[in-house]
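Comments concern the structure below.
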Number of protein chains: 2
Amino acid sequence: MNAKNGRIASCDCNLIHKETVEYVAGKMPADENLYDLAELFKVFGDTTRIKILCALTEAEMCVCDIAALLNMSQSSISHQLRILKQARLVRYRRDGKVVYYSIDDEHVKQIFDQGLIHLNEK
Amino acid sequence: MNAKNGRIASCDCNLIHKETVEYVAGKMPADENLYDLAELFKVFGDTTRIKILCALTEAEMCVCDIAALLNMSQSSISHQLRILKQARLVRYRRDGKVVYYSIDDEHVKQIFDQGLIHLNEK
DNA sequence: TTTATATATGAACAATTGTTCATATGTTAT
DNA sequence: ATAACATATGAACAATTGTTCATATATAAA
């Protein structure tokens, strides 16, 4: 990047492992991909959304079901479902007045499980 | 516009799939586990921390290296490393004045990869 | 000791985020 | 048509969060 004169603007250190930094810089994915990845995990990073995803891995549910299950307002659930929808983690189908949500990605469970494995390791 | 009798407090719907809700309720992990899981993904849900984790999967680096690589302040990186440390995602070793950080969990890469798989689909 | 350097951390601030409230939209029944 | 109901959504608010700034701590060298 800007490691030109042995000194870098944003870092007030003199000692830098130049080769390491350059090596890793060459290995880093594009900023855009890392941004998208962080955005994805941000979606998983809320208790309400985690609960919704967890519930939907068990069964297709309507908004009202989820609100009842989690003892939360319909509005709150609906707002969160929108975020999950935008992240393509859930899909929906409308049947009359009722909208049913379900998991839209087989990897949701796997991401879940990896997280649980980490937590259960200690 | 609120009915007040004989309904679930948090949900203003009349139509609930009672069996579904009860079935899923029986399958849900403990709230505490879901909270911890959300907290874990929250750590992954920041661009700076994702970049740090990504960098450390390639090589052990000191704080200054990371700051230089990401063109960010030492303070900012140090703050984020503390969060990663608390989540047991990175470990460190001190060598004189320099503190070297590295990945502390083999599953970090797998969580990463599952996220990337989701993003690269569709 | 004093100085320099690498890292850590508390406080303040701006930016983001989740919930609530009120209301809008879409569908079914009357 | 109107009413009832399931869901969606904009605005406001409080709570959380990431960065900056200033400073503290830890280690090494002079």
Side-chain angles (χ1 to χ4, degrees), chain A residues 6-17 20-21 35 38-39 41-52 60-68 70-87 90-101, chain B residues 1-4 6-17 20-21 35 38-39 41-52 60-68 70-87 90-101:
Chain A
R7 188 84 188 185
I8 288 174
S10 64
C11 175
D12 56 355
C13 309
N14 287 317
L15 176 65
I16 293 177
H17 305 84
T20 301
V21 173
Y35 176 82
E39 288 300 305
F41 286 123
K42 203 174 288 184
V43 175
F44 283 88
D46 174 77
T47 309
T48 300
R49 289 192 295 267
I50 279 282
K51 286 179 181 174
I52 294 175
E60 178 188 66
M61 299 180 88
C62 71
V63 179
C64 207
D65 290 342
I66 301 171
L70 304 185
N71 197 34
M72 293 181 65
S73 72
Q74 173 269 320
S75 176
S76 180
I77 299 301
S78 195
H79 277 296
Q80 298 300 352
L81 282 168
R82 187 156 70 112
I83 293 172
L84 293 170
K85 213 189 306 172
Q86 284 169 344
V90 303
R91 64 163 168 267
Y92 67 96
R93 68 180 178 87
R94 178 178 272 276
D95 181 14
K97 284 180 289 191
V98 183
V99 179
Y100 293 94
Y101 283 84
Chain B
M1 245 292 158
N2 295 328
K4 310 209 168 170
R7 291 182 178 175
I8 292 178
S10 63
C11 176
D12 57 356
C13 307
N14 287 317
L15 177 65
I16 293 179
H17 305 84
T20 302
V21 173
Y35 176 83
E39 287 300 304
F41 286 125
K42 202 174 287 182
V43 175
F44 282 88
D46 174 77
T47 309
T48 300
R49 289 193 293 268
I50 280 283
K51 285 179 181 173
I52 294 174
E60 178 188 67
M61 298 180 88
C62 71
V63 178
C64 207
D65 289 342
I66 301 171
L70 304 185
N71 197 33
M72 292 180 67
S73 72
Q74 173 268 321
S75 176
S76 181
I77 298 301
S78 195
H79 276 297
Q80 298 301 353
L81 282 169
R82 187 156 71 110
I83 294 172
L84 293 170
K85 213 188 306 174
Q86 284 170 344
V90 303
R91 61 163 169 267
Y92 67 97
R93 66 178 178 88
R94 179 178 273 275
D95 181 13
K97 284 178 291 192
V98 183
V99 177
Y100 293 93
Y101 283 85

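Just so we're on the same page: letters track the sequence lines, and every chain starts at 1. From a predicted model like this one, the values you see are computed outputs, not experimental measurements.
- Spacing between atom CE of B:Met72 and atom P of C:dA8 amounts to 15 Å, rounded to whole angstrom units.
- Taking the side chain of A:Arg49 as heavy atoms from C-beta on, and the options D:dA8, D:dT27, C:dG18, the nearest nucleotide is C:dG18.
- Between B:Glu39 and A:Lys85, the residue whose closest nucleotide on DNA chain D is further toward the 5' end is A:Lys85.
- Put simply, the side chain of A:Gln74 and the base of D:dA6 share no donor and acceptor less than 3.5 Å apart.
- The heavy-atom pair separating A:Ala38 from B:Asp46 by the smallest distance is CB-C, 3.7 Å.
- Whole-Å rounding puts the B:Asp46 CG to C:dA15 P distance at 16 Å.
- A:Leu81 CG to A:Tyr92 OH: the interatomic distance, rounded to the nearest 0.5 Å, is 11.5 Å.
- Projected onto DNA chain C by closest heavy-atom contact, A:Gly96 and A:Thr48 fall at different nucleotides, the more 5' of which corresponds to A:Thr48.
- Atoms CD1 (A:Ile83) and P (C:dT17) sit 8 Å apart, rounded to a whole Å.
- By the 5.5 Å and 30° criteria, B:His79 is stacked with the base of C:dT9.
- Taking atom CD1 on A:Ile77 and atom P on C:dT19, their separation rounds to 8 Å, with Å as the unit.
- Ranked by how close their nearest DNA chain C nucleotide is to the 5' end, A:Gln80 and B:Ser78 are led by B:Ser78.
- Contact record, A:Leu84 with A:Ile52: CD1-CG2, 3.7 Å, taken as the closest heavy-atom pair.
- With hydrogens and angles disregarded, a donor-acceptor distance shorter than 3.5 Å links the side chain of B:Arg49 to the backbone of B:Lys42.
- Atom CZ of A:Arg94 is separated from atom C1' of D:dT7 by 7 Å (rounded to the nearest Å).
- For D:dA8, the OP1/OP2 oxygens have a side-chain nitrogen or oxygen of A:Tyr101 closer than 4.0 Å.
- Judged by distance alone, with hydrogens and angles left aside, the side-chain atoms of A:Arg94 form a donor-acceptor pair with the main-chain N or O of A:Gly96 at under 3.5 Å.
- Contact between the side-chain N/O atoms of A:Ser73 and the OP1/OP2 oxygens of C:dT19 is not found at any separation under 4.0 Å.
- For A:Leu84 and C:dG18, the CG to C1' distance is 13 Å, given to the nearest whole Å.
- Phosphate proximity of D:dA29 to B:Lys97: absent, as no side-chain N or O sits under 4.0 Å from OP1 or OP2.
- As a whole-Å value, the separation of B:Asp95 CG from D:dA28 P is 8 Å.
- A:Lys42 places its NZ atom 10 Å from the C1' atom of D:dT17, with the value rounded to the nearest Å.
- Of the listed nucleotides (D:dG18, C:dA8, D:dT20), D:dT20 has the atom at the smallest distance from the side chain of B:Ser75.
- Listed pair B:Arg82 / C:dT7 fails the phosphate criterion, with no side-chain N or O lying under 4.0 Å from OP1 or OP2.
- Note on A:Tyr92: nothing from the nucleic acid sits closer than 4.0 angstrom, heavy atoms only.
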